[in-house]
Amino acid sequence: MASHSYETHTRWSGTTAGGIRSYSRNHVIASPPAAVDLDLSADPSFRGDPARWNPEQLIVAAAASCQMLSFLGAAARAGVTILGYEDTAASRLLLEAEPARLDTVSLDVIVTVPAGTDHGEIEQLAHTAHEHCYVANSLAVPVEVTTTVVDEE
């Protein structure tokens, strides 16, 4: 079976000697061969730095990015021209759930195509892309995609 491996390296330094309210949540994640490290923290609600990405945002972003890449690949393979792709992705952290977890990841996608493009074909490509999205297929929470197709002005 073919596979691809992914590895990250997480670094944190500081002290927890002052208790739960005092230690820094800031940390760095590297993922060679990527040249840029990610500066992360906890959600600001959990004493994190709001200027840094948090793990929950990364999950939502990963689902959105994977859907886009799967969709563009499907469109290119089908010979369909796509001129633009925008997505507003969202989820909520359900603290009352046992165990606490993210809720459904919702992707609200707008695809721009040349005038005269069959919108039904674009919607079918979006559905196929979602079925093949590695991240969505890996998450325990559902990923829902709403695709709106607009003609280029």
Side-chain angles (χ1 to χ4, degrees), residues 1-11 25-153:
M1 172 185 266
S3 67
H4 296 270
S5 297
Y6 303 94
E7 182 176 310
T8 64
H9 177 75
T10 304
R11 293 185 319 271
R25 274 62 170 174
N26 292 355
H27 56 287
V28 176
I29 295 182
S31 186
V36 177
D37 293 348
L38 297 177
D39 294 325
L40 282 89
S41 193
D43 181 287
S45 299
F46 303 109
R47 295 181 166 59
D49 181 346
R52 293 177 173 226
W53 285 71
N54 64 58
E56 296 82 8
Q57 290 171 315
L58 290 176
I59 290 172
V60 174
S65 178
C66 186
Q67 173 65 24
M68 183 196 71
L69 293 169
S70 295
F71 172 76
L72 294 176
R77 282 189 294 283
V80 174
T81 299
I82 304 299
L83 300 175
Y85 185 104
E86 294 182 36
D87 181 7
T88 300
S91 185
R92 299 175 305 143
L93 183 59
L94 303 175
L95 296 174
E96 294 81 27
E98 269 306 314
R101 63 183 167 274
L102 288 175
D103 196 3
T104 299
V105 176
S106 299
L107 308 179
D108 187 11
V109 177
I110 299 172
V111 176
T112 304
V113 297
T117 300
D118 178 356
H119 289 203
E121 182 179 16
I122 302 303
E123 291 166 4
Q124 182 57 48
L125 287 169
H127 178 76
T128 299
H130 178 58
E131 289 179 340
H132 293 99
C133 175
Y134 307 138
V135 172
N137 290 332
S138 300
L139 293 174
V141 300
V143 176
E144 295 177 352
V145 181
T146 303
T147 304
T148 303
V149 183
V150 297
D151 291 329
E152 180 183 44
E153 295 181 10

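Sequence positions, counted from 1, serve as the residue numbers for this chain.
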Quiz item: Going through the checks in order, is the side chain to side chain contact (heavy atoms under 4.5 Å, CB included) test met by V149 and E123?
Solution: CA-CA 8 Å; V149 183; E123 291 166 4; 4.1 Å; yes

Self-check item: Side chain proximity check, P55 to I59, heavy atoms < 4.5 angstrom
Solution: no

Quiz item: Side chains of I82 and I122: does their closest heavy-atom pair fall under 4.5 Å?
Solution: yes

Practice problem: Ignoring hydrogens and angles, state whether a donor on the side chain of H127 or E131 is under 3.5 Å from an acceptor on the partner side chain. | Solution: yes

Quiz prompt | Residue pair V113 / T81, side-chain heavy-atom distance below 4.5 Å | solution = no

Quiz item: Looking at side-chain heavy atoms only, is the closest gap between L58 and L40 below 4.5 Å?
Solution: yes

Self-check item: Whether S65 side chain and A61 backbone form a donor-acceptor pair below 3.5 Å
Solution: no

Quiz item: Are the side chains of T112 and Y85 in touch, meaning some heavy atoms are under 4.5 Å apart?
Solution: no

Practice problem: Consider only side-chain N and O atoms of T117 and E121, and report whether a donor and an acceptor are under 3.5 Å apart. | Solution: no

Quiz item: What are the two closest heavy atoms between S91 and L102, and how far apart are they?
Solution: OG-CB, 3.7 Å

Exercise. Give, for atom CD of Q67 and atom NE2 of H130, the distance between the pair rounded to the nearest 0.5 Å.
Key: 6.5 Å

Exercise. Ignoring hydrogens and angles, state whether a donor on the side chain of N137 or H132 is under 3.5 Å from an acceptor on the partner side chain.
Key: no

Self-check item: Presence of salt bridge, R25 and D43, under 4.0 angstrom
Solution: no

Self-check item: Smallest separation among heavy atoms of A63 and L139, with atom names
Solution: CB-CD1, 4.4 Å

Practice problem: Please examine the side chains of V105 and V141, heavy atoms only from C-beta on, and report whether any two atoms are closer than 4.5 Å. | Solution: yes

Quiz item: Around R92, counting heavy atoms of other residues, nucleotides and ligands shown, do more than 12 lie under 6.0 Å from its CZ?
Solution: no

Practice problem: Decide side chain to side chain contact (heavy atoms under 4.5 Å, CB included) for F46 and N54; before the verdict, give the C-alpha distance in whole Å, the side-chain angles of both, and the deciding distance to 0.1 Å. | Solution: CA-CA 10 Å; F46 303 109; N54 64 58; over 6 Å; no

Quiz item: Taking atom types as modelled, is there a side-chain donor on N26 or S41 under 3.5 Å from an acceptor on the other?
Solution: yes

Exercise. Start with the C-alpha distance between T10 and V28, add both sets of side-chain angles, then the distance that settles side chain to side chain contact (heavy atoms under 4.5 Å, CB included), and finish with yes or no.
Key: CA-CA 6 Å; T10 304; V28 176; over 6 Å; no

Quiz item: Any sub-3.5 Å donor-acceptor pair from S31's side-chain atoms to E7's backbone N or O?
Solution: yes

Self-check item: Exam field: side chain R101 to backbone P99, donor-acceptor pair closer than 3.5 Å
Solution: yes

Quiz item: Between atom OG1 of T146 and atom CG of D108, what is the distance when rounded to the nearest 0.5 Å?
Solution: 6.0 Å

Quiz prompt | Qualifying residue, where the test is side-chain hydrogen bond (donor to acceptor under 3.5 Å, both in side chains) with H119 and the options are T148, D151, T147 | solution = D151

Quiz prompt | L94 CG to D103 CG distance, which is reported to the nearest 0.5 Å | solution = 4.5 Å

Self-check item: Neighbour count >12 (heavy atoms, 6.0 Å) for atom CD, Q57
Solution: yes

